[in-house]
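The structure under discussion appears below in the form of structure tokens.
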Amino acid sequence: MVSKPGPDRVILAVAVPSPLKRVFDYLPGRDAPEEGWVAGVRVRVPFGRRSVIGVVIEVRSHSDVPLDRLRDIEALIDRSPLPADWLWLCRFAARYYQHSLGETINGAMPALLRQGRPLAARSQARWFLTESGRTPGDALTRAPRQAELLAAIAQHPRGLVAPAISALGFNRTQLNALRDKGLIDCREESVAAPASDRTPGTLAEPTLPLNREQSGVLAELHQDLDRFRVSLLHGVTGSGKTEVYLQLIEAVLDRGRQALVLVPEIGLTPQTLSRFRKRFNAPVIALHSGLNDNERLDSWEAARSGRAAVLIGTRSAVFTPLAAPGVIIVDEEHDGSFKQQDSLRYHARDLAIVRAQHDGVPIVLGSATPSLESLARARDGHYRHLRLNTRAGNAAPAALSMVDLRGKPQRGGLGPQALTAIREHLEAGRQVLVFVNRRGFAPTLTCHQCGWLAECPQCDARMTLHRDPHRLICHHCEQQRGVPDACPKCGSADLRPQGAGTERAEEALQEAFSDTRILRIDRDSTRRRDAMEQTLAEIRQGNSCLLVGTQMLAKGHHFPHVTLVVVVNADGGLYSADFRALEHSAQLLTQVAGRAGRAQHPGRVLIQTLHPEDPSLRLLVEEGYDALAEELLTERRLAGLPPFRFMALMRGESARMEAVIELFTRAGDAMRAWLNERGLAVHCLGPVPAPMERRQNRYHAQLLLSADRRSALHEASAWLDEWMMQQADARRLRYSIDIDPQEMY
Ligand code: ADP
Ligand code: ZN
Ligand code: ZN
């Protein structure tokens, strides 16, 4: 018997799934890994009255808790640790976003691993007979099971792998006994082929010959395949960014490395996937919400073992372990879906950058409308700024024009000029896309006698009128009610829908163009599985039709037959309380406009507005996103807003507004006093009620921290978090701290 190290000297610090932001010390139980304890193995431990699965974070020689109060680990789950770079990223994310490490790890693991499913070992033992094992004599007469096991192994000249042996009903003790008697031995062999063993010839189809701009960009990217560098690939829609990614990935695969590609939630379409799958003669794996638990674990395994060459996924794919990382690509890096809005509030783009740095690999951020964060980093030289200014395949850029809607008659939100243009394009046999920023029939219902508005009883918001089903629905809390026949306030029957949603635009267009096929695409029309795919397939056939939809139509799709895009209302982001609203709305408008005229026919974009004099809107329409972005960066610098300052936002909610405000006022006062004492350059603003104070009958307020330096901000928010944890009344309401918040509600 091998004697194990004295159990009293090994203390295991374990991260368990609990909101508490600390690790817990345990003593090893009877189950110890053969090679001794290491960080990264999963263990089952008693926690309170439950038994939970945690991960060993550190092996220590002492504990601050007296030894006799420490509990034993119940079981060891992994023989070899979970991937070290993955664990590193979890630890970084937990620290940076001030979240519990145990919960971070839990969320970053496939469900089956979280439940304790063993991880297929990267290598497995193969057992074979030794010289003496071939002639055991009477060594096993008193151990019949061992004799049976020996006989089973003897039947296999190449030996038997451990999983096969346990499948036959034998256990580890019997194996060890035979080995201790010198009758059998084992060697480790690899389960999965390493990345470099893949079949030579990475390409399944020839690459497109690149245009001059693309070649220039690719040549630059090729220079830094072996080190960390952030490149911002800033290319107009249709400029061939994806083709550049594909050819960059080709170089990475040729070196036996893997590529991780992050795309927005809406961008992981079967089209995108098939473009990657068609190109490479190597496994391309998609990580998306449609995977079941087994598939998810398989994908994780394929990535970890190096079996998968290219991993494509949305936000959470940033946590995919890689055996041989070679490049990370973040497509549409400005997209809001990269930020998680609850639990661990991480930004996948930002974590991807940190991860690339840790792994020493290049990272490419691609967008036609880069975030102001990334643009600022490119302008100050931290990121390499690569541009693609022309559309690939010679499509002309779409011409944008603004349409003044003031005083004009409207049908379903569309003015006469838009209707005439739509008619022309339909008569020419083309497709037309009508972009409406609201689903449903109308943003609200109003009484023409007394001005009553259909408001949500639970939120500070209006209810949206829907036609199918005919109901008033609150888009913030999903609360529904019947549509009244008369005004609840004055009894008048003169109730009218106000404004236009997708259903109303569709109805008006159907009346105006009764022979035209109209396809509506929004969350309501695509609830059925495959509905979206079927509609997209119909659009691709190219027959003349009208597409009416929300931002689901704006991103990631390529509609070669669309020659006219109409934006029903461009004013959404103009007068919002959120300082990022204008940036986001300019990105969206540019993305929508980019759908027009991607093939041989030139495109036109009509932007309807009630504010044709607005300087930001004019700049966007006349000079484009880049010019507006420059302007916005200057404003942000002057106003001391991100990306020139860093922010942390503490949000709180309660059934009583006074409860949040009272606690947050104390928090703000305590914070400011502490900042003063420490001489830390952090500004603490608030508390203030959230822009939408009441949601689902709960009241929201916030406290904002901002600083020039990230480290100061972190020190302050960590202190605030700690302070909150000590307040008894903080436990009675929900609150969270969001580092680098993207939305200010
Ligand atoms: P982006 O990702 O910038 O929107 P894509 O890579 O999707 O652009 O390219 C837009 C269209 O142009 C696609 O149909 C693509 O096949 C085509 N394309 C890209 N690069 C080239 C090229 N070098 N030659 C011809 N067509 C190209
Ligand atoms: Zn009324
Ligand atoms: Zn509501």
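One-based numbering, in listed order, for ligands and for the atoms of each.
Under 4.0 Å is where a charged nitrogen must lie from a carboxylate oxygen, and between Asp522 and Arg439 no such pair does. Of the charged side-chain nitrogens involved, none lies within less than 4.0 Å of a carboxylate oxygen, so that Glu332 and Lys241 do not count as a salt-bridged pair. Under a 4.0 Å N-O distance rule, the pair Glu653/Arg695 does not qualify as a salt bridge. Between Arg315 and Glu265 there is a salt bridge, since a side-chain N of the basic residue sits under 4.0 Å from a carboxylate O of the acidic one.
For the Zn ion (ligand 2), the set of protein N/O/S atoms nearer than 2.8 Å consists of Cys447 SG, Cys450 SG, Cys487 SG, Cys490 SG, ordered by chain and number. Counting only distances under 2.8 Å, and ignoring water, the protein N, O or S atoms around the Zn ion (ligand 3) are Cys456 SG, Cys459 SG, Cys474 SG, Cys477 SG.
With 3.5 Å as the limit, one finds a donor-acceptor pair spanning the side chains of Arg540 and Gln271. A donor-acceptor contact closer than 3.5 angstrom links the side chains of Ser371 and Glu333.
Counting the atoms of ligand 1 from 1 in the order shown, those under 4.0 Å from a heavy atom of Leu210 are 23 (N). Here is the list of ligand 1 atoms found below 4.0 Å of a heavy atom in Pro209: 22 (C), 23 (N), 24 (N). Near Ala392, meaning under 4.0 Å from any of its heavy atoms, are these atoms of ligand 1: 12 (O), 18 (N), 19 (C), 20 (N), 21 (C), 27 (C). For ligand 1, the atoms lying closer than 4.0 Å to a non-hydrogen atom of Glu243 are 6 (O), 20 (N).
Residue-level proximity to ligand 1 for Asn211 is carried by the backbone, the only part with a heavy atom below 4.0 angstrom. Looking at Gln214 against ligand 1, only its side chain comes within 4.0 Å, counting heavy atoms.
Residue Arg580 places its CZ atom among more than 12 non-hydrogen atoms of other residues, nucleotides or ligands, all under 6.0 Å distant. For CZ of Arg527, the number of neighbouring non-hydrogen atoms (other residues, nucleotides, ligands) closer than 6.0 Å is greater than 12.
For Gly238, the closest heavy-atom approach to ligand 1 falls below 4.0 Å. In this structure, Arg275 is part of the shell of residues with a heavy atom less than 4.0 angstrom from ligand 1.
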Practice item. Report the C-alpha distance between Leu617 and Leu589 in whole Å, list the side-chain angles of each, state the deciding distance to 0.1 Å, and finish with yes or no for side-chain contact (heavy atoms from CB on, under 4.5 Å). Key: CA-CA 10 Å; Leu617 194 57; Leu589 288 184; 4.3 Å; yes

Exercise for review: Check the pair Ser401 / Leu606 against side-chain contact (heavy atoms from CB on, under 4.5 Å), numbers first and verdict last.
Suggested key: CA-CA 5 Å; Ser401 42; Leu606 296 183; 3.3 Å; yes

Point to revise | Criterion salt bridge (charged side-chain N to carboxylate O under 4.0 Å, His left out) on Arg520 and Asp468, from CA distance to verdict | key: CA-CA 13 Å; Arg520 196 184 93 219; Asp468 180 23; 5.9 Å; no

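Judged purely by atom type and a 3.5 angstrom limit, Arg595 uses its side chain to pair as donor or acceptor with the backbone of Gln591.
Checking only distances, Leu208 never comes within under 3.5 Å of ligand 1, N or O to N or O.
When Gln247, Glu332, Lys241 are checked for heavy-atom proximity to atom 3 (O) of ligand 1, Lys241 turns out nearest.
Aromatic rings from His334 and His234 are positioned such that their centres are separated by 6.0 Å or more.
Within the model, atoms CZ of Arg651 and CG of Asp738 stand 4.5 Å from one another, a figure rounded to the nearest 0.5 Å.
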